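As structure tokens, the structure follows; a few thoughts come after it.
What you are looking at is a predicted structure, and each value in this text was computed from that prediction instead of being measured. Remember, it's 1-based here, ligands and their atoms both numbered in the order they're listed.
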Amino acid sequence: MYPERPAGIAYGGDYNPEQWPREVHEEDVALMREAGVNLVSLGMFSWALMEPEEGRHEFGWLDEIVDRLHAAGIAVDLATPTAAPPAWFTARHPDTLPVGRDGVRIGFGGRQNACSSAPAFREATARLVRALATHYRGHPAVVMWHVHNEYGAPLGECYCEHSVAAWRDWLRHTYRDLAELNDAWGTAFWGQRYTDWAQIDAPRHNHTAVNPAQRLDFARFSDGQHREHYALQRDILREITPGVPVTTNFAGTVNCKSTDLWQWARELDVVANDHYLKAEQPDNHIDLAMSADLARSVAGGEPWMLMEHSAGAVNWQPRNLAKRPGEMRRNSLAHVARGSDSVLFFQFRASRFGAEKFHSAMVPHAGAGSTQWREIVELGADLRRLAGVRGSRVRADVALVWDWESYWALELDWRPSVDLRFRERADAFYEALWREHVTIDFVHPSADMSRYRVVVAPSAYLLTDASAKNLHRYVEAGGNLLVSYFSGIVDEHDTIHPGAYPGALREVLGLSIEEFHPLREHETVAVTGGLDGRIWSERIHPAGAVAERAFASGPDAGHPALTRHDLGAGTAWYLATAPVTGLRELLAGVLDRAGVSRPRGLPDTLELVRRGHHLFLINHGDEPVTVEGVTGTGVFDGAHHDGPVTVAAGAVTVVEEQSPHP
Ligand code: GAL
């Protein structure tokens with residue numbers, strides 16, 4: 001259920017007028033109108049103002065702002081302010097302050113400073129949300145609810161007494177009895193057998209590795225506690241203001257490790273995502289594309305909302321580079337190209353005080369005379385021209401398998417190599433496909449994959465039997481699956497599938513692995529066909545698969561490095577190392593065999609994405625790029641195209657195509 005208003009693409013951002021006097025509020029609204037802002041998120045961190053003392057609610061100050069915005073035709077995404085409980089609350093309930101894995105309880109002065117399991121926090125949340133919803137019921141400005149802020153970031157797991165009590169309840173619901181738990185956690189190892197639920201603690205900091213199955217369950221539990229805190233609010237909002245969509249903003253690819261967004265997305269009326277560039281990383285627009293594709297994928301392909309990004313620099317990275325001219329526009333339009341129906345920023349006006357005063361905003365400290373503001377106004381005009389994009393879908397022929405449980409499990413202690421990181425492989429494959437101009441969906445390993453020509457599983461370390469069967473069925477029915485090393489190793493309890501590696505995937509890949517041979521730091525091994533590998537080598541024994549390439553040096557010289565297994569109507573590929581270079585070419589071969597069509601001969605500085613009838617051409621490079629064979633009308637300049645289109649360096653062209661791509 002996407003909010004009905006504003007029409008077209010929503011434009012605006014977090015608005016924190018409580019930091020400014022009334023004169024500035026008036027100027028704010030005038031500036032918003034100048035830029036075409038049509039949606040702002042209000043009240044995110046305003047609990048202390050909404051409830052200055054327990055049970056006394058003050059919404060008058062907010063009414064004035066909401067009414068002023070409404071009079072100016074600006075819609076409101078009203079936030080529940082639970083990400084920042086007030087000082088009086090913490091002073092009265094110090095037990096709600098979260099405790100870290102190291103046993104240290106955090107203090108007041110930051111934010112996200114309450115444990116989602118703490119009863120006093122849940123009670124106070126419910127009371128406030130009920131009062132807020134009742135007060136704003138039927139207000140025409142309020143078009144959606146924004147619950148909390150970025151659950152799980154930075155507060156993923158809490159180790160306080162309330163969490164431990166809830167954890168024991170969760171375990172009692174998850175396992176039939178202690179025998180089942182002991183079995184699932186493999187407590188026969190290191191003599192950890194439990195004889196009473198009360199003996200089970202959170203997997204706290206230890207001087208050695210802690211039971212990995214216990215840690216994995218704690219990650220599931222902790223994520224679920226935040227979801228319960230969200231659902232508590234959502235249910236109250238739905239009861240009091242039915243029909244008003246409810247969301248919470250995800251922390252993009254930057255800080256999303258602790259939240260299983262496949263599960264979260266099901267609980268939201270509309271998916272909302274935040275993304276911040278890694279300022280110093282070259283080609284950081286690829287991570288942006290990945291974040292946007294992930295948001296669209298967890299939304300089930302439905303349009304989603306870019307709830308936050310930055311107009312310029314952030315203030316929390318080691319070196320906070322300002323965006324170059326045109327970069328903010330390219331970033332914003334890339335999100336729209338990949339399915340967002342909004343372009344929203346943190347925040348509207350830069351703060352003079354507090355922790356984020358060096359963070360950019362739509363209105364910077366330099367004011368409306370700045371280049372930044374000019375770009376913001378121009379972007380508003382661009383987005384009005386893009387109104388017809390709203391609601392349209394992005395189609396992908398290739399999918400990447402992404403599973404948070406596998407992410408968590410893979411990165412627990414004592415793996416065969418510290419270089420085994422979930423994002424390391426996921427990013428490598430995503431980047432290679434991005435450079436091939438292929439649009440990617442992400443899929444859970446249990447999802448129906450039949451619509452994809454190619455599915456890549458870069459880091460599917462944890463794979464249940466059911467998911468492995470799903471992949472098997474996909475291949476047999478004609479799919480093309482490419483699996484990277486250290487996949488299909490353990491089940492949902494981090495227990496190794498029986499027999500030789502990769503237990504869950506032996507059959508579909510047509511091979512077994514006798515031994516892992518992780519490489520030393522910086523060590524590389526040669527692979528036939530002109531490819532060097534790093535991080536990983538292993539001894540493969542084909543059993544149905546054929547070796548397409550072999551290791552030419554290192555511990556597995558002479559043995560397969562890339563295999564192909566023709567199975568039913570499809571093919572399963574397996575790659576046993578991390579290519580230093582050449583992954584893109586290798587993938588291109590798989591894509592070609594699978595008949596994945598994509599533009600040829602374009603530089604990898606050009607981002608090309610189709611959304612509905614619109615072709616987005618985003619030039620991240622310093623040279624103009626010409627794309628052949630484009631027929632349609634330029635959305636920004638109205639130009640008619642029938643043939644080559646040249647996109648200037650750093651520019652974005654969007655063409656409404658006449659004969660939409662099949
Ligand atoms: C986000 C957060 C915002 C703001 C922003 C700064 O993670 O939701 O409130 O802090 O970062 O980049």
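You'll find the ring centres of His309 and Phe345 inside the 6.0 Å limit.
Residues forming a side chain to side chain donor-acceptor pair (under 3.5 Å) with Arg130 (at least two apart in sequence, or on another chain): Glu239. Qualifying side chain to side chain contact (heavy atoms under 4.5 Å, CB included) partners for Val99, counting only residues two or more places apart in sequence or in other chains: Arg105, Tyr159, Cys160. When the side chain to side chain donor-acceptor pair (under 3.5 Å) test is applied to Gln263, the partners found at least two apart in sequence or on another chain are Arg227.
The one candidate from Glu228, Gln233, His162 that meets the side-chain hydrogen bond (donor to acceptor under 3.5 Å, both in side chains) condition with Arg122 is Glu228.
For ligand 1, residues of the protein lying within 4.0 angstrom by heavy-atom distance are Phe45, Arg111, Asn149, Glu150, Asp274, Tyr276, Glu308, Trp316, Phe346, Glu356, His359.
Between Met362 and Val37 the shortest heavy-atom distance is CE-CG2, 3.8 Å.
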